[in-house]
Number of protein chains: 2
Amino acid sequence: MKPALTAPEVRPIAQNSREEILRAAAACFMERGYSASSIDDVARRLGATKGRIYHHYPSKADLFFDVYRMGMDLNFSAVGDVYHSDLGPYDKFFGMCRAHVMMMIEEQAFQRTVWEGVNLHLNSATTPDQRVVLERLLKMRAEYDQLFRTVMEACKADGSLNYKNQSIAVSTLFAAMGGPVFWYKPRQGETATQLENIVDQVVRFAMRGLGASERTAA
Amino acid sequence: MKPALTAPEVRPIAQNSREEILRAAAACFMERGYSASSIDDVARRLGATKGRIYHHYPSKADLFFDVYRMGMDLNFSAVGDVYHSDLGPYDKFFGMCRAHVMMMIEEQAFQRTVWEGVNLHLNSATTPDQRVVLERLLKMRAEYDQLFRTVMEACKADGSLNYKNQSIAVSTLFAAMGGPVFWYKPRQGETATQLENIVDQVVRFAMRGLGASERTAA
DNA sequence: TGATGAACATACTACCGGGTATGATGTCAA
DNA sequence: TTGACATCATACCCGGTAGTATGTTCATCA
C-alpha cells in the first residue's frame with residue numbers, strides 16, 4: 001500500500017506469513033469446502049490461532065477472496081506467456097490448454113477454491129464492499145475465459161477447430177479441463193513425465209472434443 | 001419397511017411429503033451448498049418448519065444422503081433402458097451419454113448434490129451407521145461409473161472409440177458431461193428441441209473427445 | 001365416540017464458529 | 001532506553017443452527 005520505503009526486509013516476512021495462511025486456507029477449503037471450514041481449522045493447520053489470521057484478513061470471506069485471487073493470478077501467469085506469444089491460433093490455443101490443465105493439477109487446492117467461488121456464487125450475506133471485491137474477481141474470471149474464447153474463434157476461423165455454439169463449447173471445454181481439480185490424486189514419487197502424460201490425455205480429449213483433426217490433436 | 005398391508009392410501013401421502021422435502025433440500029443445496037444450507041432454509045422453502053423435516057429424517061446428514069440416493073436413482077433409471085438394450089456398443093454408449101447429460105439438465109439440483117457428495121467426500125463427523133450409508137452411496141456411484149466403463153471398453157475393442165488410459169478417459173468424460181450441472185441456466189419458454197440441441201453438442205464434444213470418428217460422433 | 005398414532009408446529013436447549021477486545025513479545029528507530 | 005508498531009496469542013461475546021421435547025390437529029378404527 002504505502003510507498004514501502006520502510007525496512008525492505010519486513011514486508012517479505014509478512015508476505016510469507018500471508019502466503020502460508022493462503023495455502024492452509026486453500027487446503028482446508030479443498031477438503032471440506034468453504035463454509036464447512038472454520039477459521040480455527042485453518043489456524044490449526046498452521047499450528048497457530050485465529051489471531052494470526054484475523055491480523056491479516058478482516059473476515060473469513062476476505063480470506064476466501066484472496067485465495068480466489070491467488071488462484072486466478074496463478075492461472076493468468078501460467079497462460080499469459082503462451083497467449084502473448086506469436087504462435088499461430090491453434091498452437092497458441094493448444095499451449096494455453098496445456099498450461100491451464102497443468103495448473104489445475106499443480107495448484108489443485110487453489111483451483112478448487114476458484115471453482116467453488118465461481119459456481120457457488122457466494123451470494124450470501126456479504127457487506128457491500130465485499131460485494132465489490134467479489135464482482136471484480138468474477139470479472140477476472142470472465143477475462144480469463146475471454147482469453148480462450150478469442151483464440152478459439154481464431155481457430156474456428158482458420159478451420160483448425162470445429163464446433164457449433166461458442167458458449168457451450170467453452171463451458172464444456174473448461175469442464176473437461178477442470179476435471180483433474182477433482183479426480184486427480186497426487187501420487188507418491190510421481191515424475192514430471194507422468195504428470196505431462198495426464199495433462200496430454202486431458203488436453204487431447206479437449207482438442208478432439210472441439211473438433212481438432214486427429215493429427216493435430218495428437 | 002413393514003409389509004405395508006396397512007391403508008394403501010396413507011403411505012403415498014407420506015411419500016409425496018418426503019419427495020417435496022427432497023426437492024426443496026436439493027434446491028437449497030444447489031444454491032448455497034450443503035453445509036451452508038440450514039434445515040430452516042429447507043423448511044422455509046416448503047412454507048413449513050423444522051418439525052416436518054425432522055419427522056421424516058433423523059438428521060441433516062440423512063436428508064443429504066436421501067437427496068444423493070434420489071439423484072443416483074434418477075441416473076440409473078435414465079440410463080438403464082439403453083444399457084439393457086441390445087444395441088451395438090457404440091450406439092449403446094452414445095445413448096447412455098445422451099440420457100446422462102439430459103438427466104444432468106433436467107434434475108440439476110439433485111445432480112449438483114450428488115456432485116458435492118462425490119468429491120467432497122463428506123468425511124466429517126458422521127456416526128458409524130451414517131458412514132455405512134455413505135459408503136453404500138459411493139458404491140452406487142462406482143457401479144454407475146462401471147456401466148459406462150464396460151461399454152466404453154467394448155467400443156474401444158471394436159474400434160469405434162479410441163483413447164489411451166481408461167481411468168483418465170472416464171473421469172474426463174464425466175467431467176465434460178457433468179458440466180451442464182453447473183453452467184446450464186434454465187431459460188424461460190425453452191423448447192424440448194432447444195434442450196436436445198444443448199445435449200447434442202455436449203455429447204458430441206464427449207464422443208469426439210473419446211476418439212469417435214467425425215461421422216459417428218455427429 | 002373415544003383412543004391411537006401419523007404428521008406436523010412451537011418452543012426450547014446446547015454448542016459451534018465468526019468476530020472482537022486485549023494482552024504478550026519482538027523489532028527497529030531515534 | 002524507550003516508545004511505537006507489527007505480529008501474533010488469549011479470552012471472551014453472541015448470533016445462528018442442529019437437534020429435542022412437547023403440544024396440536026386430524027384421520028382412522030375398534
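Here is the naming used below: chain letters follow the sequence lines, and residue numbers restart at 1 for every chain.
- The NE2-P distance, from A:His56 to D:dT7, rounds to 6 Å in whole Å.
- Going from atom OH of B:Tyr57 over to atom C1' of C:dA7 covers 14 Å, rounded to whole Å.
- Among the protein residues, B:Thr49 comes within range of the nucleic acid bases, having at least one heavy atom under 4.0 Å from a base atom.
- In this structure, B:Ser59 does not reach the D:dA18 phosphate: none of its side-chain N or O atoms is under 4.0 Å from OP1 or OP2.
- Backbone-only engagement by B:Ser37 is indicated by non-hydrogen atom pairs under 4.0 Å involving sugar-phosphate atoms exclusively.
- Distances shorter than 4.0 Å separate some side-chain N or O of B:His55 from OP1 or OP2 on C:dA7.
- Rounded to whole Å, atom C1' of C:dA7 lies 13 Å from atom CD of B:Glu20.
- Separating the CZ atom of A:Arg18 from the P atom of D:dC8 is a distance of 11 Å, rounded to the nearest angstrom.
- Taking atom OH of residue B:Tyr54 and atom C1' of nucleotide D:dT17, one finds them 8 Å apart after rounding to whole Å.
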Report each atom pair, protein N/O against N/O of nucleotides 13-16 of chain C, whose distance is under 3.5 angstrom.
none

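- Side-chain N/O atoms of B:Lys50 and base N/O atoms of C:dA9 include no donor-acceptor pair closer than 3.5 Å.
- We find that CG of B:Asp40 is positioned 13 Å from C1' of D:dG15, with the value rounded to whole Å.
- Comparing A:Gly51 and B:Arg52 by the nucleotide of DNA chain C whose heavy atom lies nearest to each, the residue mapping closer to the 5' end is B:Arg52.
- Between C:dA7 and B:Ser17, no contact under 4.0 Å exists linking OP1 or OP2 to a side-chain N or O.
- In terms of heavy atoms, B:Cys97 sits closest to B:Leu173 at SG-CD1, 4.4 Å.
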